[in-house]
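What's counted below: heavy atoms across the whole structure, side chains too, no hydrogens, waters or symmetry copies. In what follows, chains carry the letters A, B, and so on, assigned in the order in which the sequence lines appear, proteins first and then strands, with residues in each chain numbered from 1.
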Amino acid sequence: MSDRYNPQEIDGKWQQRWAEDKLYQVSEDDPRPKWYALTMFPYTSGDLHIGHWYAMAPSDVHARFKRMRGYNVLHPMGFDAFGLPAENAAIKRGIHPFTWTMKNIENMRCQLKSIGAIYDWSREAVTCLPEYYQWTQWFFLKLYHAGLAYRAKAPVNWCPHCQTVLANEQVVGSGVCERCGTAVTRRDLEQWFFRITRYADELMEHRSIDWPERIKTMQRNWIGRSTGTELSFALDHPGVEEKEIRVFTTRPDTAFGVTFMVLAPEHPLVTRLVSPDRRAAVEEYVARSRQQNDIERLSTERERDGVFTGAYAINRLNGERVSIWIADYVLMGYGTGAVMAVPAHDTRDFDFASKYNLPIKVVIAPAGWQGEELEEAYTEPGIMVNSAQFTGLPSQQGMDAISDFLEEKGWGKRTITYRLRDWLISRQRYWGAPIPIIYCDSCGIVPVTEKDLPVLLPEDAEFKPTGESPLKYNRQFVNTTCPQCSAPARRETDTMDTFMCSSWYFLRYASPGCHSAPFDRRLKYWLPVDLYTGGAEHAVMHLLYARFFIKAIRDMGLVDFDEPFTRLFNQGTIIAQKHKMSKSRGNVVTPDGYVSELGADTVRVYLMFIGPWEQGGEWNDSGISGISRWLNRVCGLVVEEYQMKPEAVTGDNKVRGDLQRATHQTIRKVTEDMERLRFNTMVAALMEFTNHLAKVKESGGLAASAWKEAIDALLLLLAPSVPHLAEELWMRTGHEYSIHNQRWPEWDETLAEDEEITLVIQVNGKLRDRIAVPASITEVEARQLAAESTRVKPYLQGKEALKTIYVPGRLVNIVVK
RNA sequence: GCCGGGAUGGCGGAACUGGCAGACGCAGCGGACUUAAAAUCCGCCGGAGCAAUCCUUGUGGGUUCGAGUCCCACUCCCGGCACCA
């Protein structure tokens with residue numbers, strides 16, 4: 001075997017050996033503390049690109065590090081296998097989605113194996129297999145029985161391209177489909193929802209978890225909790241049963257400033273309130289806003305418009321009659337779908353009032369206000385005016401005072417509203433887990449009984465997208481009998497959102513092979529996940545759903561923890577040609593060529609080295625040769641015989657001390673960087689150490705035993721990053737297999753301490769000299785040396801020394817005038 | 001518009017808690033080895049200047065003995081949210 005780094009020879013060899021020895025198979029029966037390191041599983045789109053490797057290689061390095069630090073590490077892998085892209089790809093190619101997906105999995109599994117990770121493949125989870133989705137369905141039933149799954153007719157997001165409905169979270173940007181980027185439209189459909197809103201308050205709370213601030217903020221914004229007051233306006237319309245319209249406001253203090261009301265076009269009262277002369281205009285407006293997609297409707301560029309209904313309501317606080325309008329800037333899905341308009345103190349209402357010449361009544365006085373008309377809405381706090389008995393109060397107090405008053409009178413109530421909507425999980429597509437529900441003409445909605453799970457996805461469905469679930473046309477699937485009355489009945493033909501599958505996959509890894517339940521008591525050992533790594537794009541989708549899911553099953557007594565992922569870390573995105581890699585964009589860079597040519601270890605290190613992990617960056621392979629060169633040098637350093645020069649025997653001490661110090665400093669640095677997931681500087685430290693070793697070797701001034709100690713430390717520190725090469729060199733240096741079962745080296749703080757430091761001497765903060773001094777130097781000595789420095793003296797000439805600052809171990813700064 | 005994150009050599013990036021700016025690597029330049037090339041090894045490598053020295057962390061101000069780091073204002077880039085009453 002050559003002395004050079006030869007990845008083609010060693011990568012496969014060790015991967016095979018590790019697999020044969022089941023080196024990375026983990027068990028719960030282990031005295032070490034557990035560590036559950038999870039990387040978001042990939043979608044089965046075909047093959048893995050560099051972006052996937054960027055997610056997986058560094059997390060594997062960290063998991064290996066934890067393993068060497070004495071943890072029993074679970075680092076599993078699986079496949080997110082249901083969903084639209086597979087179905088679309090299958091349609092395009094005329095292959096069955098199952099065939100397509102399984103072929104992709106095989107390929108991806110192969111790629112994943114080539115990176116040399118410690119995945120325990122015996123725990124693999126594949127969401128599209130009946131043995132998995134049976135439990136997805138089982139959880140659906142649990143949620144159903146707990147009252148957390150319900151069916152309702154609602155205006156929902158419809159993607160015309162994907163031909164299915166989408167959850168709110170899956171509509172991104174200015175109202176486009178998260179998957180395909182098509183503008184989403186509205187449809188009124190009867191769909192299945194999960195009651196995630198019941199957990200809104202708890203989901204707002206991230207106190208017990210260590211997550212990036214950014215993600216926590218995104219989740220909080222998404223949930224959008226706002227506190228305010230719901231109050232009613234009196235209605236008196238002949239033929240209209242309702243005697244009030246309820247509105248939600250966060251500004252009850254402005255209630256005396258209401259000059260009109262606005263209802264959402266979809267508001268149920270609209271058709272009944274509209275006066276005959278306004279009916280045509282109102283109907284036209286309603287029809288128009290229904291047609292518009294969210295991009296048009298929600299665009300803030302567009303001027304707000306609306307129409308008068310011809311109806312009026314009474315502001316109970318002051319008895320004033322206010323006109324009722326409809327406008328599409330009021331959303332049916334938020335609050336009560338109706339707002340009180342206070343143009344003086346709300347920018348939207350101000351614009352609307354200006355456009356339609358509606359009155360503007362000031363009730364919160366800006367500082368120095370003399371009763372003049374406002375140029376724009378005044379939205380800040382101030383002193384209340386024109387507000388009957390509340391006049392003169394600061395508006396913040398007014399909020400409480402008016403809320404109290406409304407509650408006393410029974411006209412209103414303090415409330416909390418959320419932006420978060422219930423999670424819509426129905427999908428009118430084939431490639432997903434069937435919703436285990438049966439419709440019976442006499443019994444209504446009947447859940448499938450547990451023992452009848454899984455509801456198998458039939459293989460022979462016509463899976464073309466028709467806008468209706470393809471399963472609808474599969475009579476064998478649809479026709480069944482009612483579990484309650486045994487009469488002929490129909491199955492639900494929609495499938496579940498794939499985010500349902502990914503809301504619990506991390507539980508399955510903890511209980512592979514469990515056939516009687518989704519998981520068994522082994523779950524208690526592993527969960528929650530200690531470190532979850534993946535992309536930030538899942539902030540308000542997967543990460544929110546999974547939290548909801550765990551809280552829901554916790555309340556059923558199925559698990560005993562509150563949060564699935566104790567610590568979350570988002571690696572950055574690898575981009576190519578300014579864009580995130582994606583098949584549709586055609587800018588995908590495959591790792592395979594790099595791996596086969598330069599070795600898995602080289603690619604692993606390069607991905608860590610390009611920059612801070614959380615930052616990501618543009619893919620550029622120009623630096624990868626530096627990693628190859630380095631690993632080659634490491635190889636030469638370790639493999640080629642070390643020889644002490646005879647004349648060096650007496651000079652041994654200094655070289656030895658320096659090397660020992662470098663060794664311990666490197667152990668410290670690498671350990672600390674590993675803990676903080678600072679892989680780029682960790683690699684740099686190892687390179688520096690290698691450079692130091694090369695100089696030592698060149699000098700030949702060291703006893704062979706000391707040399708060997710340093711090399712051993714180097715190999716151990718390298719092991720998580722370059723598992724194949726480290727294993728090879730470990731063997732070549734005469735150690736016992738396997739380096740991956742060794743303990744991580746410890747550093748000794750005293751041995752790591754510098755003996756000599758560079759003392760920087762400044763005059764007025766400018767660097768003037770640096771001198772090498774013993775680390776033990778005293779302040780007095782340092783000040784004296786500084787004052788005596790010949791390079792410093794000219795700057796002190798003829799100046800008055802005001803003071804001298806001394807920073808131990810760093811510098812002396814002489815301040816002169 | 002609002003909320004995050006960021007801006008440092010030709011490039012990716014480093015810099016503890018306010019204390020030597022540019023670690024480590026890429027590219028480049030020079031040299032050694034070689035018939036030659038590749039590979040490898042050694043040296044140089046922010047800008048200006050012969051030099052002493054001066055300038056330099058997006059821009060402008062401030063605090064400090066001392067600022068890439070702290071404060072204020074601004075510009076640009078990236079990400080998220082965006083009529084949420």
Atom pairs and distances, donor-acceptor, side-chain atoms in residues 624-635 of chain A, under 3.5 Å, two or more places apart:
{"unit_1": "A/Trp630", "atom_1": "NE1", "unit_2": "A/Thr690", "atom_2": "OG1", "d": "3.0"}
{"unit_1": "A/Asn632", "atom_1": "OD1", "unit_2": "A/Tyr5", "atom_2": "N", "d": "3.4"}
{"unit_1": "A/Arg633", "atom_1": "NH2", "unit_2": "A/Asn691", "atom_2": "OD1", "d": "2.9"}

Nucleic acid contacts - residues 666-680 of chain A versus RNA chain B, non-hydrogen atoms under 4.0 Å: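 Result for residues 666-680 of chain A: A/Arg678, A/Asn680, sorted by number.
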Selection: residues 607-623 of chain A, any non-hydrogen atom under 4.0 Å of RNA chain B: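 Here the set is A/Phe609, A/Ile610, A/Pro612, A/Gln615, A/Ser622, A/Gly623.
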A/Lys793 and A/Asp769 ion-paired at < 4.0 Å: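 Looking at A/Lys793 and A/Asp769, the cut-off is not met.
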Side-chain ion pair, A/Glu698 and A/Lys695, N-O less than 4.0 Å: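 No, A/Glu698 and A/Lys695 are not salt-bridged.
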Polar side-chain contact A/Arg348-B/C84 base: donor and acceptor under 3.5 Å: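 In this structure, the two groups form no donor-acceptor pair.
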Rounded distance in Å - CG (A/Asn632) to P (B/U40):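 Rounded to whole Å, this separation is 7 Å.
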Aromatic centroids of A/Tyr356 and A/Trp325 separated by under 6.0 Å: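 Under 6.0 Å, so yes.
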Ring-ring centroid check A/Phe352 A/Phe260, cutoff 6.0 Å: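 Centroid distance A/Phe352-A/Phe260: below 6.0 Å, so yes.
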Partners of [X] by salt bridge (charged side-chain N to carboxylate O under 4.0 Å, His left out), sequence neighbours excluded?
X	value
A/Glu755	A/Arg661
A/Glu205	A/Arg207
A/Arg668	A/Glu749

Heavy-atom neighbours of A/Lys355 NZ exceed 12 at 6.0 Å: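 Count over threshold, so yes.
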For RNA chain B, stems built from three or more consecutive Watson-Crick or G-U wobble pairs below 3.5 Å: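 The stems that RNA chain B takes part in, listed by first number, are B:1-7 with B:75-81, B:10-12 with B:24-26, B:28-32 with B:40-44, B:46-48 with B:53-55, B:58-62 with B:70-74.
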Minimum-distance nucleotide to A/Arg633 side chain [options: B/C65, B/C41, B/A23]: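 Minimum distance to the A/Arg633 side chain belongs to B/C41.
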side-chain N/O A/Asn691 vs B/G25 OP1/OP2, d < 4.0 Å: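 Yes, A/Asn691 has a side-chain N/O under 4.0 Å of OP1/OP2 on B/G25.
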Presence of A/Arg419 side-chain N/O under 4.0 Å of B/A82 phosphate oxygens OP1/OP2: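 Answer yes for this pair, as a side-chain N or O of A/Arg419 is under 4.0 Å from OP1 or OP2.
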When you compare the protein's N or O atoms with those of nucleotides 46-56 of chain B, which come within less than 3.5 Å of each other, and at what distance?
{"unit_1": "B/C54", "atom_1": "OP1", "unit_2": "A/Arg768", "atom_2": "NH2", "d": "3.3"}
{"unit_1": "B/C54", "atom_1": "OP2", "unit_2": "A/Arg768", "atom_2": "NH1", "d": "3.4"}

Could you go through residues 803-817 of chain A and list every donor-acceptor pair under 3.5 Å that involves a side-chain atom there, pairing it with any protein atom two or more places apart or in another chain?
{"unit_1": "A/Asn813", "atom_1": "OD1", "unit_2": "A/Asn764", "atom_2": "N", "d": "3.4"}
{"unit_1": "A/Asn813", "atom_1": "OD1", "unit_2": "A/Gly765", "atom_2": "N", "d": "2.9"}

Test side chain to side chain contact (heavy atoms under 4.5 Å, CB included) applied to A/Arg768 - qualifying residues, sequence neighbours left out: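 Result, side chain to side chain contact (heavy atoms under 4.5 Å, CB included) vs A/Arg768: A/Val763, A/Lys766, A/Val792, A/Tyr795.
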Counterpart residues, side chain to side chain contact (heavy atoms under 4.5 Å, CB included), relative to A/Lys669 (two or more places apart):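 Side chain to side chain contact (heavy atoms under 4.5 Å, CB included) check on A/Lys669 returns A/Asp673, A/Thr681, A/Ala685.
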Please tabulate, for side-chain N and O atoms in residues 374-381 of chain A, each donor-acceptor pair with protein atoms closer than 3.5 Å (sequence neighbours left out).
{"unit_1": "A/Tyr378", "atom_1": "OH", "unit_2": "A/Pro381", "atom_2": "O", "d": "2.7"}

